[in-house]
Amino acid sequence: MDGTKLIVSNRMSKEDYYMEIAKVVSMRSTCMRARAGTVIIKNDTIVSTGYNGSPRGETNCCDLGTCERYILGIEPGKDYNICSSIHAEANAIINAARSGISVIDGDMYIYFERLDGQKIKHGGPCLMCSRMIKNVGIKNFVIKEIV
């Protein structure tokens, strides 16, 4: 080069970059009511991802074309024990563990979008996922929710 500097002026922030990746991960979601994707970052490197969906080998609600919680009239955020899905946050933690990757001191980016038109009420991970995030050593999480 001749000494001319190339300046990148519209570079995306790392936070926006990781959140966009979480959004793309959410597109694999199998839930008919909500789409969620999670990315775990450690030392500025993606170490795991997860989306909400049925356990490996089980039939997904989107494949069945029905949601038991919807049929029973269960409002979002309640009675998770009736749902067969695993939340995106839990799946990201599980996927890291399956690969033998530590997420201690990592950061978690969570993208959440309602698909059924109902308002988001929780404002963050559910109680169980919050406990897992804390117990596994994630130091920060960033969440983006779309109604």
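The basis for the numbers below is simple: all heavy atoms, side chains too, and nothing from hydrogens, waters or symmetry mates.
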K.L.:
Is any side-chain heavy atom of F141 less than 4.5 Å from a side-chain heavy atom of E89?
P.N.:
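No - every pair of side-chain heavy atoms lies 4.5 Å or more apart.
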K.L.:
I need the R69 CZ to R33 CZ distance, nearest 0.5 Å.
P.N.:
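So the gap between those two atoms works out to 5.0 Å.
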K.L.:
Step by step, would you call D44 with Y18 a side chain to side chain donor-acceptor pair (under 3.5 Å)?
P.N.:
CA-CA 10 Å; D44 207 23; Y18 293 135; 2.6 Å; yes
K.L.:
Got a sec: does the NZ of K42 have more than 12 other heavy atoms crowding it under 6.0 Å?
P.N.:
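Result for NZ/K42: enclosed.
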K.L.:
Check F112 against A36 and note the closest heavy-atom contact, atom names and distance.
P.N.:
CD1-CB, 3.9 Å
K.L.:
Tell me whether I138 shares a hydrophobic cluster with M128, the cluster being built from Ile, Leu, Val, Met, Phe, Trp, Tyr side chains joined at under 4.5 Å.
P.N.:
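Linked, I138 and M128 end up in one cluster.
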K.L.:
Looking at CD1 of I40 and CE of M108, how far apart are the two atoms once the value is rounded to the nearest 0.5 Å?
P.N.:
4.0 Å
K.L.:
Between S48 and A92, is there a donor-acceptor pair closer than 3.5 Å when you use the side chain of the first and the backbone of the second?
P.N.:
yes
K.L.:
Looking at every non-hydrogen atom in both residues, tell me the closest pair between S130 and P125 and how far apart they are.
P.N.:
OG-O, 3.3 Å
K.L.:
What's the separation between atom OG in S84 and atom CD in E58, rounded to the nearest 0.5 Å?
P.N.:
6.5 Å
K.L.:
Would a single hydrophobic cluster contain both I94 and V103, if residues Ile, Leu, Val, Met, Phe, Trp and Tyr are joined by side-chain heavy-atom contacts under 4.5 Å?
P.N.:
no
K.L.:
As a test of understanding, state which of I93, N52, N91 forms a side chain to side chain contact (heavy atoms under 4.5 Å, CB included) with I86.
P.N.:
N91
K.L.:
Search all heavy atoms of C129 against all heavy atoms of A90 and return the closest pair with its distance.
P.N.:
SG-N, 4.2 Å
K.L.:
Nearest 0.5 Å, what's the OG-CD1 distance between S26 and I110?
P.N.:
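Between atom OG of S26 and atom CD1 of I110 there are 12.5 Å.
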K.L.:
Would you find more than 12 non-hydrogen atoms of other residues, nucleotides or ligands less than 6.0 Å from M12 atom CE?
P.N.:
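Yes, enclosed.
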K.L.:
Transitively linked via ILVMFWY side-chain contacts under 4.5 Å: Y17 with Y109?
P.N.:
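As far as the 4.5 Å side-chain criterion goes, Y109 and Y17 are connected within one cluster.
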K.L.:
If you measure from CD1 on I21 to CD1 on I41, what distance do you get to the nearest 0.5 Å?
P.N.:
6.5 Å
K.L.:
CG of N43: more than 12 outside heavy atoms within 6.0 angstrom?
P.N.:
no
K.L.:
Any side-chain heavy-atom pair from D63 and T30 closer than 4.5 angstrom?
P.N.:
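No - every pair of side-chain heavy atoms lies 4.5 Å or more apart.
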K.L.:
Using atom types as modelled and distance alone, determine if a side-chain donor or acceptor of N140 lies under 3.5 Å from a backbone N or O of D107.
P.N.:
no
K.L.:
Got a second to check how far T66's OG1 is from M32's CE, nearest 0.5 Å?
P.N.:
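Between atom OG1 of T66 and atom CE of M32 there are 6.0 Å.
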K.L.:
Grouping I, L, V, M, F, W and Y whenever their side-chain heavy atoms are under 4.5 Å apart, do I101 and I133 come out in a common cluster?
P.N.:
yes
